[in-house]
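To keep things clear, I will list the structure first and then write my remarks on it.
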Amino acid sequence: MDSAILKFHGAAGSVTGSCFLLNAGGAEILIDCGMFQGSKTEKELNYRPFPFDPGKIDAVLLTHAHIDHSGLLPKLAKDGFSGPIYTTPASVDLCAIMLQDSGHIQESEVLQLNRRNRRRSREAVEPIYTADEARSIMPQFVAVPYGEWRETTGQLKFRFWDAGHLLGSASIEIEAKDADGPVRLLFSGDVGSKHKLFESNPEAPSGVDYLICETTYGDREREDYALKERRISLQKLVAQSNQSNGVLLIPSFAVERTQEVLTDLIALMDAGMLPRCPVIIDSPLASKATDTFKKHVGSMEHGADFLRALNAPNVRFTETAEQSKALDLLKGFHIIIAASGMCEAGRIRHRLKNWLWRPECTVLFVGFQAAGTLGRILQDGAEVVRIQGEEIRVGARIATLDAYSGHADASELDDWVMERGPIRKAIFLVHGEAGVRSAMSNRLAKLLPVEIFTPRLDDAYELKGESARLLTSDIPARLQPQEIGHQDWHNDYQNFVLNLADRLKDAADRKSRAVILRRLERALEDETN
């Protein structure tokens, strides 16, 4: 029997595209199959062929339903995968709505893109998958409760542990037999913070051979937000945003983050700490996810508070596009929570287009913003952005409250890793940007006597002997490290266009503008000669 091989086909240098391929125990399985987000360079990976044969995958083990972990499962099946997808019961319910929503978004975006392509005489493109294709894979899902050992093909078994990150989220313990005997691996998935509103503290086994650990917030400490302190911070931000005919826009992940923020807002209003105002959830996906949360409310912390928020008289959900568009006509201060959380798609882009230029608007980020996304660009202080091809000057106040993050921060991650000890052979740090992984690696190296790896995209390691060995390959990685987790040339181009427009607008007269354009033309000619 050969030694186990672990390949990193996503979340290696960035926080998206989680996908790990394990060859062990006579089986070939995927842990997660997520969609790449962030810069256009990274998102283009979603359209490329997988770096493995989907038809040869025996099974998928899914940590949780977030799209950066589950979003390419329909493409995997479309390209030949026909095996089971094991995950927790709540994750099955969430995937049933999230994957179809993802397919619908892709269909809508491709429809708009192809309209532009026709005008430009460019070829039409197809969505990665459709809503119908996402719906068709649901029979492949197999619900497995926490703590129950299951076997897949070959000499390999697994069980799920509550990761405390999202409803149904799991860390996955795997035990396989290889040439050196039994080997135990633990994939953290996304590890939750100890102050999650709906989730219990994360759990996982100790004494594993290999730990594959996320590092999203591995270089930073958040303020210690217990529930009371978090709500006080939210109350202050809402009070500061309350302007006549103004709006508080909250870009939010539709699943769990929206429900948490809504619960806190209504609790503050019920307690008299905030004046009651309209709170609108502008996301069909959030509406469907809320129904799933109601189904599992018995397993949720603070479930009664959540149900009370849903029944508040000032809360409403938009369903149709007409209802969403009508929000632009609202008068008086109001709060809109809309997806997507990184402002890359969905109705939040329409809300930003209508409000971002107005000083009576506040945009409040309550989740992680990946490099290259519109959310990160706004968070980093951009003065002008482009949305749906239009130039929008940023007049709104931009604020961030990271108390809602579903991810453990640096000290919480360190504590979680130490509780997994003894870790006998090696740690792989994934799901984090380059500087973050480096910071966490340096800290753990002082605490643990094992080798710590920070794999690059498409790296493969042989799990043999006392540690792991990086394998050489004649096939180049799909992206190099400098192309991952950073803004790319698409972002640079947009910045250039916006800066050029400002220079032309500020030029003294028509002649001065002509001089600027001639200089640019000469620079381009010199580049091509």
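- Aromatic ring orientation, His407 versus Tyr217: tilted (interplanar angle from 30° to 60°).
- The closest side-chain heavy-atom distance from Ile29 to Ile174 is below 4.5 Å.
- Side-chain atoms of Arg257 come within 3.5 Å of backbone N or O of Tyr404 as a donor-acceptor pair.
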>> Run the side-chain hydrogen bond (donor to acceptor under 3.5 Å, both in side chains) test on Ser252 and Thr258 for me, step by step, so that the C-alpha distance in whole Å, both residues' side-chain angles and the decisive distance to 0.1 Å come before the verdict.
In response: CA-CA 6 Å; Ser252 179; Thr258 290; 3.2 Å; yes
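- Within a 6.0 Å radius of CZ in Arg456, other residues, nucleotides and ligands contribute 12 heavy atoms or fewer.
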>> Applying side-chain hydrogen bond (donor to acceptor under 3.5 Å, both in side chains) to His64 and Ser169, what does each step give before you reach the verdict?
In response: CA-CA 5 Å; His64 62 288; Ser169 64; 5.9 Å; no
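- In this structure, the separation between CZ on Phe365 and CD1 on Ile398 is 5.5 Å, given to the nearest 0.5 Å.
- Remark: Lys7 does not engage Asp458 in a salt bridge, criterion side-chain N to carboxylate O under 4.0 Å.
- Under 4.0 Å is where a charged nitrogen must lie from a carboxylate oxygen, and between Arg424 and Glu451 no such pair does.
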> Please walk me through it: do Gln106 and Ser102 pass side-chain hydrogen bond (donor to acceptor under 3.5 Å, both in side chains)?
Replying inline: CA-CA 6 Å; Gln106 291 167 56; Ser102 174; 2.9 Å; yes
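- Under a cut-off of 6.0 angstrom, the local environment of NZ in Lys288 is sparse, with at most 12 non-hydrogen atoms contributed by other residues, nucleotides or ligands.
- If you look at Phe8 and Phe20, their ring centroids are closer than 6.0 Å.
- For the ring-ring contact (aromatic ring centres under 6.0 Å, His included) condition, the pairs that include at least one residue of residues 71-128, sequence neighbours left out, are Tyr86-Phe158.
- Ring-centre distance between Phe52 and His9: below the 6.0 Å cut-off.
- Considering Asp459, Ile212, Asn23 as possible partners of Leu6, the one that fulfils the side chain to side chain contact (heavy atoms under 4.5 Å, CB included) test is Ile212.
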> Could you walk me through whether Phe453 and Ser467 pass the side chain to side chain contact (heavy atoms under 4.5 Å, CB included) check?
Replying inline: CA-CA 10 Å; Phe453 297 97; Ser467 184; 3.8 Å; yes
>> Val384 vs Ile392, test: side chain to side chain contact (heavy atoms under 4.5 Å, CB included). Steps then yes/no.
In response: CA-CA 6 Å; Val384 181; Ile392 310 290; over 6 Å; no
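- Taken from SG in Cys95 to CD1 in Ile85, the straight-line distance is 8.0 Å, to the nearest 0.5 Å.
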> Going through the checks in order, is the side-chain hydrogen bond (donor to acceptor under 3.5 Å, both in side chains) test met by Ser82 and Gln140?
Replying inline: CA-CA 7 Å; Ser82 59; Gln140 293 177 241; over 6 Å; no
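- Between Arg159 and Glu148 there is no salt bridge, since no side-chain N of the basic residue sits under 4.0 Å from a carboxylate O of the acidic one.
- Judged by distance alone, the side chain of Ser340 and the main-chain N or O of Ala345 form a donor-acceptor pair under 3.5 Å.
- Scored by the salt bridge (charged side-chain N to carboxylate O under 4.0 Å, His left out) test, Asp414 finds Arg443 as partners (sequence neighbours excluded).
- More than 12 non-hydrogen atoms from other residues, nucleotides or ligands lie less than 6.0 angstrom from CD of Glu319.
- Salt-bridge formation is detected for the pair Lys196/Glu256: a Lys NZ or Arg NE/NH1/NH2 atom is positioned less than 4.0 Å from an Asp or Glu carboxylate oxygen.
- We find that Arg347 and Asp282 are joined by a salt bridge, their nearest charged nitrogen and carboxylate oxygen being less than 4.0 Å apart.
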>> Could you walk me through whether Leu364 and Val261 satisfy the side chain to side chain contact (heavy atoms under 4.5 Å, CB included) test, starting with their C-alpha distance in whole Å, then the side-chain angles of each, then the deciding distance to 0.1 Å, before giving a yes or no?
In response: CA-CA 11 Å; Leu364 174 60; Val261 174; over 6 Å; no
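- A salt bridge between Glu133 and Lys78 is present, with a side-chain N of the basic residue lying under 4.0 Å from a carboxylate O of the acidic one.
- From Lys157, atom NZ reaches atom CH2 of Trp149 across 5.0 Å, with rounding to the nearest 0.5 Å.
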>> Between Glu390 and Lys353, is the salt bridge (charged side-chain N to carboxylate O under 4.0 Å, His left out) condition met? List the steps.
In response: CA-CA 8 Å; Glu390 292 190 26; Lys353 187 176 178 181; 3.2 Å; yes
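- Remark: Asp32 engages Ser18, Leu62, Thr63, His69 in a side chain to side chain contact (heavy atoms under 4.5 Å, CB included) (not counting sequence neighbours).
- A salt bridge links Arg469 with Glu462: the closest approach of a Lys/Arg side-chain nitrogen to an acidic carboxylate oxygen falls below 4.0 angstrom.
- Side-chain atoms of Val191 and Ser188, non-hydrogen and from C-beta on, do get closer than 4.5 Å to each other.
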